[in-house]
Number of protein chains: 2
Amino acid sequence: MDETPGLRERKKAATRLALHEAALRLAIDQGVDGVTVEAIADAANVSRRTFSNYFSGKEEAIFHGDTMRLRRMLELIREQPTDEQPWTVLTRAALRLTEETDLGNVEWLIRRRQLRGHPSLASHQVAAYAVVERELAAELAGRLRGDDVGLRARVLAAVFLTTMRVAVQDSTEHPDRPLLDVVSAALAAAAPA
Amino acid sequence: MDETPGLRERKKAATRLALHEAALRLAIDQGVDGVTVEAIADAANVSRRTFSNYFSGKEEAIFHGDTMRLRRMLELIREQPTDEQPWTVLTRAALRLTEETDLGNVEWLIRRRQLRGHPSLASHQVAAYAVVERELAAELAGRLRGDDVGLRARVLAAVFLTTMRVAVQDSTEHPDRPLLDVVSAALAAAAPA
DNA sequence: GGCAAACTTGCCTGCTGGGCAAGTTTTGTA
DNA sequence: TACAAAACTTGCCCAGCAGGCAAGTTTGCC
């Protein structure tokens, strides 16, 4: 394994992370609309133009955390046996991811909660989830048998991701209930016949 | 019933429709990025500023058709008996809507197909579907019994809408297969246990 | 007819994405 | 170690865009 993927790559990752965190922090305490791309770039000690090299807009920067989490979930799914029921595989990956997140980073949920209510963000979150949908569908297609594999894989991927999204959204509105609880209840409600 | 909701309202509806159709037409033959809001407004004989009074962006104008279809589906759902299985109700409404659409307006699918491939549109389509999600969840909540009604209603609404979206998207990529077929296969694949 | 509310329009401002080219840093190779 | 190529950053630039405001116009209602 390449422990260090080269200086260049490490710097890029650091810049991306700095921009993401600056975006999140500024959005939280100035409101999503109150913050400009320029302010985010400044806070990350980078030019406005460089921001554009990393993200196509402030919302994408804000949701970069979600994107990373979803990619991690894809990994968790891929490394599971291919001879199991797809929904079982998905559920297990989701719960495992939730545990990982919950333990190391309670801050994540807190930040989320401070952003809730900004309605324009909701649609960008939906879009963020949609990005991995194709990739997940491709993975699932290899695990299905029978007719309509393509369509069924896409449906399964979409249903799963949208359920995760709803669970996270619902959880931000009920801070008292453990996230793991909400996720498993949501997945149970969506489980296909 | 108010047959004519007043001249003012009729004019507004006409303007909105004109803008929508102009947006769709121009987007189809100049590409989504190649068309400006100004061009759309011109084509609808209205000022650029007025466009902004109706839609918040060209994508919203393009997807106004979807929005209307989804609102129609909400109607179809609401007018069904409340003592039936929710998924049965949803499925029936979806199929009924598909029949309505398919018969009267084959043009709709044709236009869609000409827009496919523009990736930026996909996320806006997702967002368009998300708009009615809350409303549908509220309707479904009244039809559920047991624990976690709120969460389960949101999950059900999200799963159903995302399934419809996937069916439509998939259908644009397989023009040979009847839409009704795709929709019912997709709904069958997503049916909760 | 005539008034009030709603709608349209033009004007304006600050923000945005992204093309381009010059300057800087990292990488690979010799 | 030297140096050329590739990758990245930055400033400059431009056209497009959302939306506030105020003046003008149309519609609804008495």
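Worth knowing before you read on, the calculation uses all heavy atoms, side chains too, and leaves out hydrogens, waters and symmetry mates.
B/R143 places a side-chain N or O within donor-acceptor distance of the main-chain N or O of B/P81, the cut-off being under 3.5 Å.
Nearest to the side-chain atoms of B/N53 among the listed nucleotides D/dG19, D/dT9, C/dT9 stands C/dT9. Considering only the side chain of B/V37, D/dA18 comes nearest among D/dT10, C/dG17, D/dA18. Of all nucleotides listed (D/dT9, D/dA18, C/dG18), C/dG18 comes nearest to the side chain of A/S56. Here the side chain of B/R8 is nearest to one of C/dG19, C/dT9, C/dA5, namely C/dA5.
Distance, B/D42 CG to C/dT9 C1': 13 Å, rounded to whole Å. Atom C1' of nucleotide D/dT26 and atom CZ of B/R10 are separated by 14 Å, given to the nearest angstrom. Rounded to an integer number of Å, the gap from CZ of B/F51 to P of D/dG16 is 14 Å. Rounded to a whole Å, the CD atom of A/E59 is 9 Å from the P atom of C/dT16. Distance B/I40 CD1 to D/dG16 C1': 12 Å, rounded to the nearest Å. Going from atom CG of A/D33 over to atom C1' of D/dG20 covers 15 Å, rounded to whole Å. Regarding A/E9, its CD atom lies at a distance of 18 Å from the P atom of C/dT25, rounded to whole Å.
Here the options are A/R165, A/Q169, A/E59, the test is side chain to side chain donor-acceptor pair (under 3.5 Å), and the partner is A/Q125; only A/Q169 passes.
Residue-to-nucleotide contacts include a donor-acceptor pair under 3.5 Å from the side chain of A/R48 to the base of C/dG18.
Note on A/K11: a side-chain N or O is less than 4.0 Å away from OP1 or OP2 of C/dT26. The shortest distance between the side-chain N/O atoms of A/K12 and the OP1/OP2 oxygens of C/dT26 is not below 4.0 Å.
Residue contacts for B/Y54: at a heavy-atom cut-off of 4.0 Å it reaches the sugar-phosphate backbone alone, with no base atom in range. Contacts of A/T50 with the nucleic acid, taken as non-hydrogen atoms under 4.0 Å apart, include base atoms.
Remark on DNA chain D: of its neighbouring residues B/K58 and B/R49, the 5'-side contact belongs to B/K58, judged by nearest-heavy-atom nucleotide.
Ionic pairing of A/R78 and A/E139 is present here: one or more N-O contacts between side-chain nitrogen and carboxylate oxygen are shorter than 4.0 angstrom.
Residue B/E79 places its CD atom among more than 12 non-hydrogen atoms of other residues, nucleotides or ligands, all under 6.0 Å distant.
Looking at heavy atoms from C-beta onward, A/W87 lies in side-chain contact with A/L187 at the 4.5 angstrom threshold.
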